[in-house]
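A short worksheet on the structure shown next.
Only heavy atoms go into these numbers, but all of them, side chains included; no hydrogens, no water, no symmetry mates. Chain identifiers are assigned alphabetically (A, B, ...) following the order of the sequence lines, protein sequences preceding nucleic acid strands; residue numbering begins at 1 within each chain.
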Amino acid sequence: MVELVQLLFAGLTTGAVYALVALGFTLIFQASEVVNFAQGEFVMLGGMVTVFAMKAGLPLPLAALLAVLVAVATGLLLHRLAIEPAKGATVVTLIIVTIGASILIRGLAQIVFDKQFHALPAFTGDEPIRLLGAAILPQSLWVLGGAAAIVLGLWLFMERTLLGKAVRATAANRLAAELVGIDTRVVLALAFAVSAAIGAVGGILVTPITLTSYAVGTLLALKGFAAAMLGGIGNPVGAVVGGLLLGLLESFAAGWISSTYKDGVAFLVILLVLFALPQGLLGRRAVERV
Amino acid sequence: MPPPEPLLEVRGLRCGYGRIEAVKGVDLEVREGEIAALVGANGAGKTTLLRAISGVLPIRAGSIRFAGEPIEGLRPHERVAHGIVQVPEGRQLFAPLSVEDNLRLGAFRRGRERTEANLARVFALFPQLAERRDVPAGALSGGQQQMCAIGRALMAGPRLLLLDEPSMGLAPTLVEQILATVARLRGEGVTVLLVEQNAVAALSLADRGWVLETGRIAHAGSGRALLDDPAVKAAYLGL
Amino acid sequence: MNRRRLIFGAATASFLLPVAVVAAEPIKIGSFLSVTGPASFLGDPEKRTLELYVEKINAAGGVLGRKIELVIYDDGGDANNARTFATRLVESDKVVAVVGGTTTATTMAAIPVLEDAQIPFISLAGGIEIVEPVKPFTFKTPHTDRMACEKIFEDVKKRGFTKVGMISSTAGFGASMRNQCLKVAPERGIQIVADERYAPGDTDTTPQLNKIKASGAEVIVNADFGQGPAIVTRNVRQLGLDLPLYQSHGVASKSFIDLAGPAAEGVRLPAAAMLVAEQLPDDDPQKKVVLDYKTTYESTQKQPVSTFGGHAYDGLMLLVRAIEKAGSTDGVKIRDALRATKGFVGTGGVVNMSPTDHMGLDLSAFRMLEIRNGNWKLLY
Amino acid sequence: MAPGTRTKLLVLGALGLVLLLVPLLLPSAFHLRVAALVWINAVAALGLALLMGLAGQVSLGHAGFMGIGAYATALGPKHLGLDPLLSMGAGILLAGALAFLVGRPILRLKGHYLAVATLGLGILVHLVLVSEVPTTGGPDGIQVPRLELFGIRLVGPELWYWITGITLLLAAWLALNLEDSSTGRALRALHDSEIAASVVGVDVARAKLVVFVIAAVYAALAGGLFALFNRFVTPDVAGFLRSIELVTMVVIGGMGSILGAVVGAALLTVLPQALTLFHDYEHAVLGLSIILFMVFLRQGIVPGLAALVTRRRPA
Amino acid sequence: MSLLEARGIGIAFGGLRALDGVGFAVDPGEVLAIIGPNGAGKTTLFNVVTGLYRAQSGEVRLEGRDVTGLPPHVLAARGLARTFQNLQIFFRMSALENVMVGRHLKERRRLWAELLGLPSVLAENRASRARALELLAFVGLAERAEEPASALPYGALKRLEIARALACEPKVLMLDEPAAGCNPVETEEIDRLILAIARKGTAVVLVEHDMKLVMRISDRVLVLDQGRPLAEGTPQQVRSDPRVIEAYLGRLGLEAAHAAA
């Protein structure tokens, strides 16, 4: 029982970060059909900028804000300088563009920052909370709470505001969106900015637990992508479910099956899920129209 | 008294995709309150021309003036703000969003109060939409989708409505209904530029028409005159 | 006639010597390091150290009166790249010797190339297979992972424990040290009761630690470098596991203490003397060398010293010494001189090489440290 | 002469010419070594180009097959005492068999789902290579014995330059033949519309499986060549980044273009060597170059340049 | 026994009944038109018969053999070919190659021979090419054979699809709105084409909105409404059926239907 709770929380914490990355993937994918492999770099920027801003003497909240701003600016630049000029290119070409962008951002980060690992202090102390005999980090609760707040906020934005609906409209039909007077370039930029912000917040929340360095983005992008696909791409709920599930899978696989093959177990499950449900868990099962 | 300035004036317009020039120097004008019809074979450049007017396709040469102002430098959403609204070919609804959301998004550039009034007006025009306001637009039947698309355009309060193939893929009874709606809109003071496959129906409705042939205007005149033109009849109307 | 000519030649040579020094070709020393990628925190200080000291050597007049020219490539931690760069150093840059190879994998990939070309190669990686069996032109400066296992187990026994729970990374150094520890354990009377792994980049190891907890282990040994050990250390404390925790020399830099935070308190590890330079007794032969290096590095690079840079320092100095001793840049002669190294005091220990020992360090080169009050404490 | 045959001769001629010219222009052993790496990568990229460019199926795990070919070549002699060449053949068979087994369920997936499934497959292969230390040597890699043929040791960059170059030429010839055949047309057709292809009688699932197996075999062949040539392999050959690199080669060179795959392989193999000039800025410049190439030559280098040339030519 | 026979086809998508108890039969050389308002299930019926959708009830028989639920490529091999309402063209290929793909079933494929480019493969290519050129000439696209399909105008693509379907040498040809989006002149060409195909003994089933076309060329007409059969008979019978006029034709359609007579 203790072990179960322990594994559950470990999985949820990791999964929450995957979920945030997957959510970023989904948002940009919905608005532009671009699978943004630079999504992990936003998480890296969130953590790294906060670390270096705090080293420069800023208090945590200000440093975090700065980090989000830097990530958002990076996201906007990515959109303006790489995605926008490549408009009309094929899906795979756009993927390669974002991979190029991710190498570029990482390359710049290793110059601007350094190549070492860094930590942030936990927001509310390191003293574990005891729950059913298991030890839960206060920072884990920050991660879970933060992720939940982001998901809720995003949901309200998309469902309840006209601007949010404009984003969904652009996702559904870009031409029609332009024709009703939506500036789709702004909407796309918005999607990149929001994705970057989500990623950065994830990075800030999780760095006290996981540490960070200029290179942490690649792996997160990979896992986030897998999570987004597991849930069914283009579906924000799917992204969150996929992320949490992937985190739990890894955690329980490590705890109960084999820590060596824990990533293998996770990907094996993804493969099996896709074989059974080719559109992911919550993806739209569109009947092909001919 | 000189004739009033045209609402839309297109001069020497050229545009196309890639290496293909689909519209090769077109002049036309539409006056306030008219129904104007653009007919011609598939691939003649009708849709391309409409896309250039609404701004989703960049032009290569020529000018477009709307209400006396040059608009060729404006982006599509800015043209919507000026009152040029296109109902695209194939409806292009926001399929996963509800009918009401589709309509409200039509008024994306307008104030909230007028949106409510407009919504009531559209629902009055198309009562079937009111009944299904919470249904995802993608689940509507073909005719209802066309109504929704026209309704969405009306939400923007257009001065010039660009209608691209509103009858495409619809059963004959529905075509009649849609065309009747177009005639009714003229009565409400909306200027309409109509592109139609169904040339006879379109021209019999239109005050003014053009026959487009491989990117150039081949015949122009009042709708009636074009319908009676033997050359047009033989080549385009199949009569 | 022949003789006269020779004498004349020699005279001319000695006369022209100062000119010759200026005009002489620089000695090219090559290096391939993992400056970026997962081992960048090793490769980066290594690169800085090499550049720093080559500059210092050149400023002091060079070697054999010739300047050193350093050619460094970044293999990004990829062994295949390392091999290509090794070839490039040999074929294209025509270096006389190589000091580099951040990881065991990159080193092993490069060895055949450099051996074929008969180029002396001093590796900066830990794996024991680099020098065992001995390869004619391959040397290394860091302690091996096997030595770390032995040192740790020695300490474990001293404290009266025998049951060890291993946790290691699946990649590179961690994997290789795990293998060595598993091999050494029975010899040292140690029982490995748990053997858990995690992937590089993993951010949570509590599932694995839970299993160790359940296995009845008395101490935990973590084999890895980079951020993994910091996460393990934090996780151990977070789970409230009250077991002694050992790390390896792979974490021997101040950043580990920063990363692990208060959780690092009480962690033990075998490491080179450099980390505790100030605490060394004055009669310690290494004291001067490590203090010198530490101050030089920290004052110029504005970052805390690590033992990894020290390995590069040792490698470069060993090589320079050998070239001077050999009086030549011929590969075989340098190799012979390297093999004859005796009593070289480096940051890693006192090096005594032989034709059968291309590392020249013994267990005494390792010190047992414990982290106390956020700093290294020399135990013995 | 049919247009298909003309293109075939043109492409093979161009490749052959480059093959002959490189040793004349860049005679250093290091250059030849890099060139041999280019040819090896090009073989793998070619297979992927058939899968991606011809049939429109993405694989983000293709390096996994390369890894199988490479490790079979390394492990056969070590554990089973097999001849390296024989081991390589076994590796190629193994990769083909694996592709055949998992191909059907995986290729039912579309677009990004296919991407993530192949990604998973690649990661699983990589994971096995990393984890099974007693067999594979783990992350530190493993030495590969020298290849001996009829008692002659095959060593030296010149020799390997020719071995790999001629293999590439053969691989390209086979690929070009496939392109201009019934199966090739079926593959190109299903790229545009699987439904239309199926209603004219193309067994879409089978056609995709065939090209997937061919692509896997090409990759495994490249992996085997790499192992023999490099004489050292690490699990990196099967890693995710290698897979991405292969995809980038295909896309940057120009999807669906045989020559493009070779150009892409050349660019991505040579570029990192050239970029060592930039030292710390190496990665930033690499990332930037990829973006610029894709933005300005979005169909890929070969088709992009071809389009430029034809546009310049007066009509 | 008819050449192609569908009986009691029923299918639902997410609870919505798209087809319910629909059937038809055609004989060699016969032209059957299926008409009905949008959403009546015409295309769905096509998709069921050609194996793209799996029906929940009913059966399809081809030459008396049960072919229900067989995949499209197997049905194609049995002699069923079709075109699509929304064009399904291989845009990366030339017009000629599009039709050559249609020869797929008539080509012998041995992967090894293809990889090695053996003479037998080259001969096969030549044969397919020659046949495809003939078919392009038949639909009036001979001089555009080498052009990329993406460069052809809409009307030409409609005919290209027909040529591709004919390349399979089908016993039954199913055309989904062959004249949609075509101007009257193009429509007439298609009209002639269909009659020529039927005259050669191929059964033609078509879905079409253009009443003039339907009335001119059909032997029989099946009217669907909301997934159910509404009427069936000769063009004359159907267009004077009050239910059909009410549900579908309307004033304009009726005019057109009579104009064609």
Side-chain angles (χ1 to χ4, degrees), chain C residues 32 35-40 44 47 51 71-94 103-113 116-117 125-130 145 168-179 182 197 199-200, chain D residues 26-34 36-38 40-41 66 70 123 126-134 136-146 155-157 226-227 229-237 239 241-242 245 269-270 272-273 275-284 286:
Chain C
F32 59 95
V35 185
T36 56
S40 59
D44 192 44
K47 177 174 180 245
E51 284 171 344
V71 186
I72 300 185
Y73 295 116
D74 172 17
D75 59 41
D78 180 345
N80 305 315
N81 281 345
R83 182 146 182 142
T84 307
F85 284 127
T87 319
R88 187 163 172 182
L89 290 171
V90 173
E91 304 276 0
S92 186
D93 300 314
K94 317 248 185 241
T103 68
T104 306
T106 57
T107 298
M108 293 308 287
I111 284 174
V113 176
D116 278 356
I128 188 150
E129 60 263 50
I130 296 170
D145 30 27
S168 56
S169 158
T170 52
F173 173 77
S176 130
M177 174 162 165
R178 163 183 173 264
N179 292 335
L182 293 183
R197 334 234 358 223
Chain D
L26 303 164
S28 111
F30 165 70
H31 288 132
L32 289 183
R33 191 189 144 79
V34 173
L37 274 180
V38 170
I40 291 170
N41 284 331
M66 231 178 141
I123 285 181
H126 180 248
L127 201 58
V128 171
L129 296 181
V130 168
S131 307
E132 295 305 311
V133 180
T136 64
D140 287 348
I142 187 167
Q143 299 280 353
V144 184
R146 271 180 223 277
V155 284
F226 177 75
F229 162 67
N230 205 45
R231 289 188 30 232
F232 187 83
V233 289
T234 62
D236 285 345
V237 276
L241 292 178
R242 285 290 292 167
E245 215 171 273
T269 313
V270 174
Q273 295 290 331
L275 292 183
T276 53
L277 280 177
F278 290 94
H279 292 292
D280 285 345
Y281 294 87
E282 196 180 322
H283 290 87
L286 179 65

Worksheet entry | Under 3.5 Å: donor-acceptor pair, side chain of R231(D), backbone of P112(C) | no
inquiry  = When you compare the side chain of V113(C) with that of F232(D), does any pair of heavy atoms fall below 4.5 Å?
reply    = no
When the 4.5 angstrom heavy-atom criterion is applied to D116(C) and chain D, the contacting part is side chain
Turns out that what part of L37(D) lies under 4.5 Å from chain C's heavy atoms comes down to side chain
Greatest number of non-hydrogen atom pairs under 4.5 angstrom with chain D, of R83(C), K47(C), E91(C), falls to R83(C)
Bottom line for R242(D): the part with an atom under 4.5 Å from chain C's heavy atoms is neither
If one checks every heavy atom of N81(C) against chain D at 4.5 Å, the contacting part turns out to be neither
Between the CG atom in D74(C) and the CD atom in E282(D), the distance rounded to the nearest 0.5 Å is 5.5 Å
Looking only at Q273(D), H31(D), H283(D), the option with the highest number of non-hydrogen pairs under 4.5 Å against chain C is Q273(D)
Minimal heavy-atom distance between T170(C) and V130(D), with the atoms involved, is O-CG1, 3.3 Å
Given D236(D), V233(D), I142(D), the one with more heavy-atom pairs under 4.5 angstrom with chain C than any other is D236(D)
Taken to the nearest 0.5 Å, the spacing of K94(C) NZ from S28(D) OG works out to 7.0 Å
Honestly, the part of A175(C) sitting under 4.5 Å from a heavy atom of chain D is side chain
Applying a strict 4.5 Å limit to non-hydrogen atoms, the region of T276(D) in contact with chain C is side chain
The interface call for T36(C) against chain D, heavy-atom contacts under 4.5 Å, is side chain
Looking only at G76(C), A109(C), S176(C), G127(C), most heavy-atom pairs under 4.5 Å shared with chain D are made by A109(C)
Quick check: do T84(C) and F30(D) have side-chain heavy atoms less than 4.5 Å from each other?
yes
